[in-house]
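In listed order, ligands and their atoms are each counted from 1. Just so it is clear, the structure is predicted and the values come from calculations on it, not from any experiment.
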Amino acid sequence: MIDLHSHTDQSDGSLSARELVAAAAEAKLEALAITDHDTFAGYDLAVPYAAEAGLDLVCGIELSTKYGRQSVHLLGYFLNQGPSEEFRAWITALQRSRHSRNQQLVDLLRSKGFEITLEEVYRRGGNLPGRPHFAAILVEKGYVPTLQRAFDDYLDASASCYVQREEPAFAEGVHRIASAGGLPSLAHPGRVSRELPILKEIVRDMQTMGLQGIEVFHSDHTIQDVESYRSFAQQFSLAVTGGSDFHGSTKPGVALGTGIHGTLNVPREVLLLLRRFSIT
Ligand code: AMP
Ligand code: ZN
Ligand code: FE
Ligand code: FE
């Protein structure tokens with residue numbers, strides 16, 4: 001079993017890079033990709049621990065991009081060589097937009113009467129806090145009972161305290177990843193649309209923009225989803241990717257490797273094919 005979608009505490013996961021590598025070894029994973037949001041910091045930290053543990057570690061990233069008016073997550077896998085310095089510099093620039101969004105979000109929440117400070121958010125979220133850290137603080141302070149309620153009532157794109165973040169266009173994300181030597185793959189396609197015919201047209205369009213892969217296996221996917229996305233992969237000659245989207249205690253109930261009900265099981269062959277795909 002392998003897992004090609006996971007997060008460390010360098011983005012919004014709860015485990016450190018070292019702890020995540022230990023958890024992967026514990027789960028007997030044959031390979032692990034770290035795909036933090038907008039940062040390689042977790043992957044970089046994990047490299048020596050993975051070498052020590054004999055774990056096949058894959059360098060990845062998950063970017064939030066804009067496809068039309070929708071925010072779409074795009075995975076990038078760097079299978080043969082690390083990302084170029086140019087790409088790393090671009091990522092650093094993206095991080096600045098997150099910091100300024102965080103400042104605006106604190107200001108907005110405070111103006112609505114919530115006691116929350118930027119210092120608290122960074123204490124909680126480390127270098128690159130995201131909305132899940134805001135949600136955790138709102139729960140901890142008793143403003144909402146659960147993380148999900150924090151999103152539903154305040155933080156979700158449709159909720160009252162949403163602050164838009166500058167995000168690169170989907171096409172730019174795809175091109176940047178590909179020209180940095182990576183393989184761009186659409187993350188959890190079901191979040192783009194639950195309507196299969198609509199999703200199919202979107203995936204077709206994304207493929208013409210240079211998309212090379214699609215996340216067929218994911219904790220949120222039903223057996224039917226897996227079959228649908230696998231058939232999209234075949235129809236549009238896309239590589240198949242998959243993983244749990246493990247976040248530790250930030251997303252309780254999602255286990256590394258096996259997902260939500262222990263039903264996820266990404267075969268090692270997926271990575272072998274990906275590596276072959278990205279050579280040609
Ligand atoms: P950010 O990158 O800081 O805007 O935060 C995005 C992260 O917040 C996503 O990767 C999800 O983990 C989480 N998130 C966004 N919207 C929701 C939602 N409606 N319910 C639960 N979690 C969400
Ligand atoms: Zn996340
Ligand atoms: Fe995602
Ligand atoms: Fe993710």
Side-chain angles (χ1 to χ4, degrees), residues 3-15 20 32-43 58 60-66 70-77 91 94-106 108-109 116 118 121-122 124-139 144-168 173 184-192 194 215 217-221 241-256 259-260 264 266:
D3 193 327
L4 299 181
H5 191 157
S6 71
H7 298 269
T8 74
D9 64 359
Q10 294 298 313
S11 68
D12 56 353
S14 66
L15 299 192
L20 182 60
L32 172 76
I34 294 180
T35 54
D36 275 318
H37 303 277
D38 303 335
T39 178
F40 291 111
Y43 167 79
V58 173
I61 199 156
E62 185 172 18
L63 302 179
S64 301
T65 68
K66 272 273 172 286
Q70 237 183 327
S71 182
V72 169
H73 287 182
L74 178 63
L75 294 159
Y77 292 106
I91 292 297
L94 285 187
Q95 292 169 4
R96 282 194 277 275
S97 83
R98 179 178 286 278
H99 292 308
S100 82
R101 187 280 311 266
N102 288 345
Q103 174 71 66
Q104 291 172 52
L105 184 50
V106 165
L108 182 58
L109 288 167
I116 185 168
L118 199 60
V121 171
Y122 279 80
R124 181 135 209 146
N127 297 327
L128 215 54
R131 279 179 288 160
H133 302 106
F134 284 81
I137 293 171
L138 294 178
V139 170
V144 281
T146 62
L147 296 171
Q148 193 55 54
R149 275 292 291 280
F151 274 97
D152 293 348
D153 295 354
Y154 304 110
L155 303 172
D156 184 73
S158 64
S160 59
C161 294
Y162 183 64
V163 176
Q164 214 174 353
R165 183 158 71 86
E166 257 181 66
E167 291 175 346
S185 177
L186 175 63
H188 36 68
R191 282 200 227 158
V192 177
R194 292 300 305 163
E215 194 168 46
F217 304 99
H218 186 274
S219 295
D220 292 346
H221 293 178
T241 71
S244 64
D245 209 353
F246 177 79
H247 280 73
S249 61
T250 315
K251 276 194 189 163
V254 176
L256 192 63
I260 294 181
L264 187 72
V266 183

Tell me: protein heavy atom nearest [atom], and distance?
{"atom": "atom 9 (C) of ligand 1", "value": "H73 CE1, 4.2 Å"}
{"atom": "atom 15 (C) of ligand 1", "value": "F151 CE2, 3.3 Å"}
{"atom": "atom 2 (O) of ligand 1", "value": "R98 NH2, 2.9 Å"}
{"atom": "atom 20 (N) of ligand 1", "value": "Q148 NE2, 3.1 Å"}
{"atom": "atom 6 (C) of ligand 1", "value": "R131 NH2, 3.6 Å"}

ask   = Considering the options Q10, R98, Q95, which one meets the side-chain hydrogen bond (donor to acceptor under 3.5 Å, both in side chains) requirement together with D38?
value = R98
task = For T250 and D12, test the side chains for any donor-to-acceptor distance below 3.5 angstrom and give the result as yes or no.
result = no
query = For residues E62 and H7, is any side-chain donor paired with an opposing acceptor at under 3.5 Å?
reply =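 Result is yes, a qualifying pair exists.
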Which ligand 1 atoms are under 4.0 Å away from a heavy-atom of [X]?
{"X": "G130", "result": "3 (O)"}
{"X": "R101", "result": "1 (P), 3 (O), 4 (O)"}
{"X": "H37", "result": "10 (O)"}

inquiry  = Is it the case that ligand 1 has an N or O less than 3.5 angstrom from some N or O of D156?
reply    =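 Yes, there is a polar N/O contact under 3.5 Å.
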note = The N/O/S atom of H7 lying closest to the Fe ion (ligand 4) is NE2
message = Could you identify the N, O or S atom of D245 positioned closest to the Fe ion (ligand 4)?
response = OD1
ask   = Do protein heavy atoms approach atom 11 (C) of ligand 1 to less than 4.0 Å?
value =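 Under the 4.0 Å cut-off, atom 11 (C) of ligand 1 has no protein heavy-atom neighbours at all.
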Donor-acceptor check, side chain of [X] to backbone of [Y], threshold 3.5 angstrom: yes or no?
{"X": "R131", "Y": "L155", "result": "yes"}
{"X": "H247", "Y": "D245", "result": "yes"}
{"X": "T35", "Y": "S6", "result": "yes"}
{"X": "N102", "Y": "P129", "result": "yes"}
{"X": "S14", "Y": "S249", "result": "yes"}

Atoms named by residue and atom, protein N, O or S, within reach of the Zn ion (ligand 2) (under 2.8 Å) =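 The answer, once waters are left aside, is D12 OD1, D12 OD2, H37 NE2, H247 NE2.
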task = Would you please indicate if the ring centroids of H188 and H221 are separated by under 6.0 Å?
result =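 Ring centroids of H188 and H221 are no less than 6.0 Å from each other.
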query = Are the ring centres of H99 and Y122 closer than 6.0 Å?
reply = yes
query = Which value, rounded to 10°, describes the NE2(H5)-the Fe ion (ligand 4)-OE1(E62) angle?
reply =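 Roughly 90°, rounded to 10°.
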key: Sole residue of Q164, R165, E166 in side chain to side chain contact (heavy atoms under 4.5 Å, CB included) with K66   =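 Of all the options given, the one that passes is Q164.
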request  = Please report the closest heavy-atom contact between A255 and F246, naming both atoms and the distance.
outcome  =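 Looks like C-CD1, 3.8 Å.
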